[in-house]
Amino acid sequence: MTDSVAVDAKRILLRYGAPIAVLDRVSEAHRVEFARIIAKTPLPERQDRLKELLREHGYLADPD
């Protein structure tokens, strides 16, 4: 995986609401995987889908 792919993945995730503090803990492989999923998700659903992915993989706590 090239650095440009990882950088682009991080930008996509930040654009759709991934908190920086959380994103710093996400592995590079997961960043790319999540960005690919988000890119295929309909635009209005991307932010919610990203948060769902982060929760499913233990990077984001469940809302109370």
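Because the structure is predicted, anything quoted here is derived from the model rather than measured. The residues of the chain are indexed from 1 along the displayed sequence.
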Which heavy atom of Ala35 sits nearest a heavy atom of Leu13, and at what distance? N-CD2, 3.9 Å
Under 4.5 Å between side-chain heavy atoms, counting indirect links through other Ile/Leu/Val/Met/Phe/Trp/Tyr residues: same cluster for Leu60 and Val32 or not? no
Hydrophobic clusters here meaning ILVMFWY residues chained together by side-chain heavy-atom distances under 4.5 Å, can you tell me if Leu54 and Leu14 are in one? yes
Judged by modelled atom types alone, do Tyr59 and Arg25 share a side-chain donor-acceptor pair under 3.5 Å? no
Distance-minimising heavy-atom pair for Lys10 and Asp24: NZ-OD1, 3.9 Å
Measure across Arg49 and Thr41 and return the closest heavy-atom pair with its distance rounded to 0.1 Å. CG-OG1, 3.9 Å
Considering all heavy atoms of both residues, which atom of Tyr16 and which atom of Leu50 are nearest to each other, and what is their separation? O-CD2, 3.6 Å
With a 3.5 Å distance limit and no angle check, can you tell me whether Arg46 reaches the backbone of Ile38 through a side-chain donor-acceptor pair? yes
Residue from Lys51, Arg55, Glu56 passing side-chain contact (heavy atoms from CB on, under 4.5 Å) with Leu53: Glu56
Any chain of hydrophobic side-chain contacts (each under 4.5 Å) joining Ile37 to Val22? yes
Within the supplied structure, the quantity of interest is the number of heavy atoms (other residues, nucleotides, ligands) at a distance under 6.0 Å from Ile20 CD1; does it exceed 12? no
